[in-house]
S.K.: 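For reference, the structure I am asking about is given below.
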Amino acid sequence: MSSHDGEDTAEQTSNVSTPEETDSAIITVYIGATVPTGFEHTAAEEVQEKIGVDARISKDRGRIYFPISTDKLFQVHRLRSVDNLFVVVEEYDHYQFKESKEETLMELQQLASKLPWSNALKVWELNRSLKKKKGHRKGGNSTRVKPDSEASVADTRQQELPRETSPAGGDAKTESVADPESCQQDSEEALPEARLIKFRVTCNRAGDKHSFSSNEAARDFGGAVQEFFQWKADMTKFDIEVLLNIHNEEVVVGIALTEESLHRRNISHFGPTTLRSTLCYGMLRLCKPQVSDVILDPMCGTGAIPLEGAIEFNSSFYVAGDNNDMAVNRTVNNVSHIQKRRADKGSSSGLPIDTVQWDVCNLPIKTSSVDIIITDMPFGKRMGSRKKNWDLYPSCLREMARVCRPGSGKAVLLTQDKKCFAKAVSQMGGLWRKVLTVWVNVGGLHAGVYLLKRTSLWNKKAALFSNLG
Amino acid sequence: MKLLTHNMLTSHVKGVTKGYPLLIKATEVKVNDVDFNPQFVCRMIPKLEWSALVEAADLLGHRQDLPSELVPDYEKNEDFLKKVHRALLEVEVIEGCLQCPESGREFPISRGIPNMLLNEDEV
């Protein structure tokens, strides 16, 4: 197949392209996961909880790494705080780049044939068969590509490289990496004919001292990968996505396990500012919903937050509310969509969530009846306005304080209008106490997720409470 | 609208002091299948206005002979908890309205969504 010299090379190539025997030995690999920046700790907590391993955090870079053995691989798809997953091929903490661009790129090309691809490719293959068995719907939690979405752009400068090359040697064939398991159990999945594996390389590069661009790195590295494996380059219909992540001196080569897709897992009816589910999940984890907690989202938009809660933290009860016609209808549509999906799978479909149309500044809710308030407050950029926020925020916070249980109640509030928010909280006369803040990136805007505690303060004198009992 | 939600909703028309509980007038009711969690029901009961729940369930024909007052030791009575679960989470008013007991003002329910928005003069 490949014309490269070196014993390693031959061994690796044959492992990849001619799987004659079932290789069911359990191996351990490192998985990288991209998460909303600011919620790395939350994601690590979830990994510890669901997979039982410690994750290494790449602080403020929206990335965590953790080890996993192949028999437990399916568990990674249960993680709700991760946008994308990849298996690490190799990681260099202090990669010494050469002085000149030519030398650096040459070295990257040579790297392609030296990397320990074998285990990573086995995991990729296993992952693919896992997805097929589950009848996995296309798309993971990632929303990175959609231009007008809330998808966060990590602080690194990202450049997705269109990988375009005509295959060198048009009649080169590679036997497909047929998965032994799927061959045995599901004959329809078997790939009897030899078929070209299609791939692309995505390079993310950040740092001041590099002599090359991500385009160049992806192009040259990709070219070498193609030579080595004899795969076919295809930008859109690829089987394997190779990731080349360069951050200053850190270089990580990986293979994607989730598809870059526009999908927000729970939402089928989008609104103008729908939050991605991973961010919703992070916010929910922050407030630690307990059994029987009544959780309100009084400005729910399309219902992304309460819906994620009703699915993932389903021992609580969610009331989603908004003043806008379209918003409440979209919320109900999104809930119905999920319920139908569940009914189709044969499980009981009903979710612990309700939707009401209301005015957040005048909630039709009994005083002190809510345990948690969680919402995405209008930033004043895409919805509402900064000026409106000066009036809205204090009214909101006051009304939320009224309905929230004193002493035990909490609020988790996302906003980009930090100044207005800080001022509004300070005007509340001690009704709310700031516990912590998580700085996040929402659609390119720097925002804060504030965790507040409702104090035991009950102040009728300040006319903060209406006569709603 | 589920009855658990109804249990928390009140009329907030200006000047109204007895806006709770809202009277339900239902023209369409649905019953769903929701996973039963006994712990959830147990811990929710003390947070409820019990009589309002029973009255509402009764009105909708889903009282399932729930008692007007809570009996002690209900935590261990799974039968009872299942009935409460059904009343709280499974019965839904899809179409109808909620009426303020004091002012008579009606808030429509459509597609399961109660519209509690007030007009400018009512605020």
Side-chain angles (χ1 to χ4, degrees), chain A residues 289-294 296 298 303 310 313-325 327-333 335-336 339 342-343 346-371 399 402-403 405 408 466-469, chain B residues 1-22 30-49 52 85-86 88-94 98 100 107-120 122-123:
Chain A
Q290 303 296 303
V291 177
S292 86
D293 270 350
V294 174
L296 232 69
F313 299 92
N314 58 7
S315 326
S316 306
F317 183 72
Y318 300 82
V319 186
D322 204 291
N323 62 353
N324 181 289
D325 277 345
V328 291
N329 278 302
R330 282 194 182 121
T331 300
V332 161
N333 290 342
V335 174
S336 299
Q339 290 186 158
R342 285 155 66 103
S347 41
S348 65
S349 59
L351 290 169
I353 180 171
D354 228 340
T355 307
V356 181
Q357 193 167 5
W358 64 34
D359 173 7
V360 63
C361 300
N362 198 353
L363 291 169
I365 298 271
K366 280 194 294 172
T367 299
S368 308
S369 57
V370 170
D371 296 292
E399 191 62 344
R402 180 183 67 76
V403 303
R405 273 187 245 278
S408 61
S466 62
N467 52 357
L468 294 179
Chain B
M1 180 197 70
K2 297 174 163 53
L3 293 185
L4 177 44
T5 306
H6 168 259
N7 207 261
M8 295 184 277
L9 287 175
T10 125
S11 164
H12 51 320
V13 175
K14 190 159 78 173
V16 164
T17 49
K18 295 200 167 75
Y20 181 90
L22 292 157
K30 209 170 65 153
V31 181
N32 286 319
D33 221 354
V34 180
D35 278 334
F36 171 59
N37 178 348
Q39 233 198 356
F40 173 91
V41 182
C42 261
R43 296 202 191 168
M44 189 58 85
I45 289 175
K47 300 181 186 181
L48 299 170
E49 196 58 61
H85 163 83
R86 191 176 143 97
L88 285 177
L89 297 176
E90 295 189 323
V91 176
E92 277 192 57
V93 179
I94 304 295
L98 295 170
C100 170
F107 300 94
I109 302 177
S110 160
R111 291 189 77 210
I113 310 169
N115 185 345
M116 308 298 296
L117 291 174
L118 293 169
N119 302 321
E120 271 165 29
E122 293 171 304
V123 175

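Within every chain, numbering begins at 1; the chains are lettered A, B, ... in the order of the sequence lines, protein sequences first and strands thereafter.
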S.K.: Answer with side chain, backbone, both or neither: which region of A:Ser347 has an atom nearer than 4.5 Å to a non-hydrogen atom of chain B?
M.R.: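 Contact with chain B is absent: no heavy atom of A:Ser347 under 4.5 Å.
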S.K.: Kindly state each residue pair satisfying salt bridge (Lys or Arg N to Asp or Glu O under 4.0 Å) with at least one member in residues 32-48 of chain B, sequence neighbours excluded.
M.R.: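 Non-adjacent pairs meeting salt bridge (Lys or Arg N to Asp or Glu O under 4.0 Å): A:Asp371-B:Lys47.
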S.K.: Are any of the side-chain heavy atoms of A:Val294 and B:Met44 separated by less than 4.5 Å?
M.R.: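 A side-chain contact exists here, since the closest heavy-atom pair is under 4.5 Å.
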S.K.: Are side-chain heavy atoms of A:Asp354 and B:Met1 found at a separation under 4.5 Å?
M.R.: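 Touching, per the 4.5 Å side-chain cut-off.
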S.K.: Is there side-chain contact between B:His12 and A:Trp358, with at least one heavy-atom pair below 4.5 Å?
M.R.: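 No, side chains not in contact.
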S.K.: From B:Thr10 OG1 over to A:Lys366 NZ, what is the distance, rounded to the nearest 0.5 angstrom?
M.R.: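 If we round to the nearest 0.5 Å, B:Thr10:OG1 and A:Lys366:NZ are 9.0 Å apart.
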S.K.: Between B:Val34, B:Asn32, B:Asn115, who has the most heavy-atom pairs with chain A when the cutoff is under 4.5 Å?
M.R.: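 Of the candidates given, the most pairs with chain A belong to B:Asn115.
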S.K.: With a 4.5 Å cut-off on heavy-atom pairs, point out which of A:Leu351, A:Asp359, A:Asn329 contacts chain B the most.
M.R.: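 The candidate making the most pairs under 4.5 Å is A:Asn329.
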S.K.: Under 4.5 Å heavy-atom distance to chain A, tell me which part of B:Ile109 shows up: side chain, backbone, both or neither.
M.R.: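 Neither part.
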S.K.: Please classify the contact between A:Asn314 and chain B as side chain, backbone, both or neither, with a heavy-atom cut-off of under 4.5 Å.
M.R.: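 Neither; nothing under 4.5 Å.
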S.K.: Say you draw a straight line from CD1 of A:Ile365 to OG1 of B:Thr5; how long is it, rounded to the nearest 0.5 Å?
M.R.: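 Here the interatomic distance stands at 7.5 Å.
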S.K.: Would you please name every residue forming a ring-ring contact (aromatic ring centres under 6.0 Å, His included) with A:Phe313, sequence neighbours left out?
M.R.: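 Counting only residues at least two positions away or on another chain, A:Phe313 forms a ring-ring contact (aromatic ring centres under 6.0 Å, His included) with A:Tyr281.
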S.K.: Hey, could you give me the CG/CG distance between A:Asp325 and B:Leu117, rounded to the nearest 0.5 Å?
M.R.: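 Interatomic distance, A:Asp325 CG to B:Leu117 CG, rounded to 0.5 Å: 8.0 Å.
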S.K.: Chain B: which of A:Gly350, A:Gly321, A:Ser292 shares the most heavy-atom pairs with it under 4.5 Å?
M.R.: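 So the answer, after comparing A:Gly350, A:Gly321, A:Ser292, is A:Ser292.
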S.K.: Between B:Phe40 and chain A, which part of the residue has a heavy atom less than 4.5 Å away: side chain, backbone, both or neither?
M.R.: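 Answer is both: backbone and side chain atoms of B:Phe40 are under 4.5 Å from chain A.
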S.K.: Let me know if A:Val319 has heavy atoms under 4.5 Å from chain B in its side chain, its backbone, both or neither.
M.R.: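 For A:Val319, side-chain heavy atoms alone lie under 4.5 Å from chain B.
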S.K.: Could you tell me which portion of B:Leu9 (side chain, backbone, both or neither) has an atom closer than 4.5 angstrom to a non-hydrogen atom of chain A?
M.R.: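 Contact with chain A: backbone and side chain both.
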S.K.: For the residue pair B:Arg111 and A:Asn333, what are the closest heavy atoms and their distance?
M.R.: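 Smallest heavy-atom distance, with atoms named: NH2-OD1, 2.6 Å.
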